[in-house]
**Q** 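Here it is: the structure, laid out below.
For ligands, and for the atoms within them, numbers begin at 1 and follow the listed sequence.
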Amino acid sequence: MAIIIDGKQIAKDLNTQTQQRVATLAQQGIVPGLAVIIVGDDPASAIYVRNKHRKAVKLGIKSVVRELPATISQAELLEIVQTYNHDDSIHGILVQSPLPVGLDEQAIVAAIDPAKDVDGFHPLNVGRLLANLPGHYPVSCTPRGIMTMLGTLNEHLRGKQAVVVGRSMIVGRPMAAMLLNADMTVTIAHVHTKHLSDLTRTADVLVVATGVTHLIKGNDIKRGAIVIDVGMDRDENGKLTGDVDFDAAVDRAGAITPVPGGVGPMTIATLMQQTVDLCEWSEQLGSN
Ligand SMILES: Nc1nc(=O)c2c([nH]1)NC[C@@H]1CN(c3ccc(C(=O)N[C@@H](CCC(=O)O)C(=O)O)cc3)C=[N+]21
């Protein structure tokens, strides 16, 4: 039986650390601020944004949720991003994805001050990550949270094989960059990859972020591998499940994340961590 990586507990521990950092900043009269912009009325997005808001408030972070109608123009939305760029009480800006059709998400992300890019999606920050530049900059929260989870396992990663299934800008690509920066040998697989199972069976660390329910079966996994499931899928009964067939995988893997309770809670905890990072970096305080 694999170790089940308790994302919920690791997120709780990270949130405790974040709360303590916020308390230390408060003694200096500094309050980290997060602005979340949500456009239109996608119900799933509304739930995510409410969860982020609640968590921020709980940790002592100032949280501003800006709800905008789906009819807003690109120019108006850019204008609102600019107001937060210039607002000294806001250290992190997040534009909830997906945006309604007609809005150019890339142009909006590029308009965010890179020093306030709490999602790590700005092309400057993406480039810094790819180049493994030293210094402080935000990176995508889901893969950063996964690196935090891997860190708790105290396994040596250097020189070992990582396979990332999925090539999105939010998860797959930044995940591959982080694993490469950790000196792993990284392969990115995707929808066109041939003989996927042969490849995944070589992975010491397997990260799956495809949105395909139970794409990865038990015998697609190397014995003892670390398996990270980024999937957030609904099974035939409407229950939340992952891209990995957990019940089969748990007998092969050395360690595995569940869905729910794995990567998801870590994403939100990392967003909070990174909001406080941005605040400290802007004040040139601290180093994490
Ligand atoms: N600009 C932007 N940044 C994001 O970070 C972003 C986004 N847009 N758009 C949507 C996705 C999705 N996302 C999740 C975060 C936490 C859970 C989470 O906590 N999931 C729980 C379960 C929640 C449930 O039961 O439905 C878990 O896995 O245990 C899920 C999904 C952040 N996103």
**Q** Side chains of Gln19 and Asn15: donor-acceptor distance under 3.5 Å anywhere?
**A** no

**Q** Just the distances, no angles: every ligand 1 N or O to protein N or O pair closer than 3.5 Å, one line each.
**A**
residue  : atom   : partner : partner atom : Å
ligand 1 : 1 (N)  : Val95   : O            : 2.9
ligand 1 : 1 (N)  : Asp119  : OD2          : 2.7
ligand 1 : 3 (N)  : Asp119  : OD1          : 3.1
ligand 1 : 3 (N)  : Asp119  : OD2          : 3.4
ligand 1 : 8 (N)  : Ser97   : N            : 3.1
ligand 1 : 9 (N)  : Gln96   : NE2          : 3.0
ligand 1 : 9 (N)  : Ser97   : O            : 3.0
ligand 1 : 19 (O) : Gly264  : O            : 3.4
ligand 1 : 29 (O) : Gly261  : N            : 2.6

**Q** Please identify which of these residues, Met149, Met147, Arg144, meets the side-chain contact (heavy atoms from CB on, under 4.5 Å) condition with Thr270.
**A** Arg144

**Q** Would you check if the side chain of Arg173 reaches a backbone N or O of Arg167 as a donor-acceptor pair within less than 3.5 Å?
**A** yes

**Q** Hydrogens and angles aside, do Lys52 and Gln96 bring a side-chain donor and acceptor to less than 3.5 Å of each other?
**A** yes

**Q** Under the side-chain contact (heavy atoms from CB on, under 4.5 Å) rule, collect the residues that match up with Asp41, sequence neighbours excluded.
**A** none

**Q** Without hydrogens or angle criteria, can the side chains of Thr200 and Asp220 be said to hold a donor-acceptor pair below 3.5 Å?
**A** no

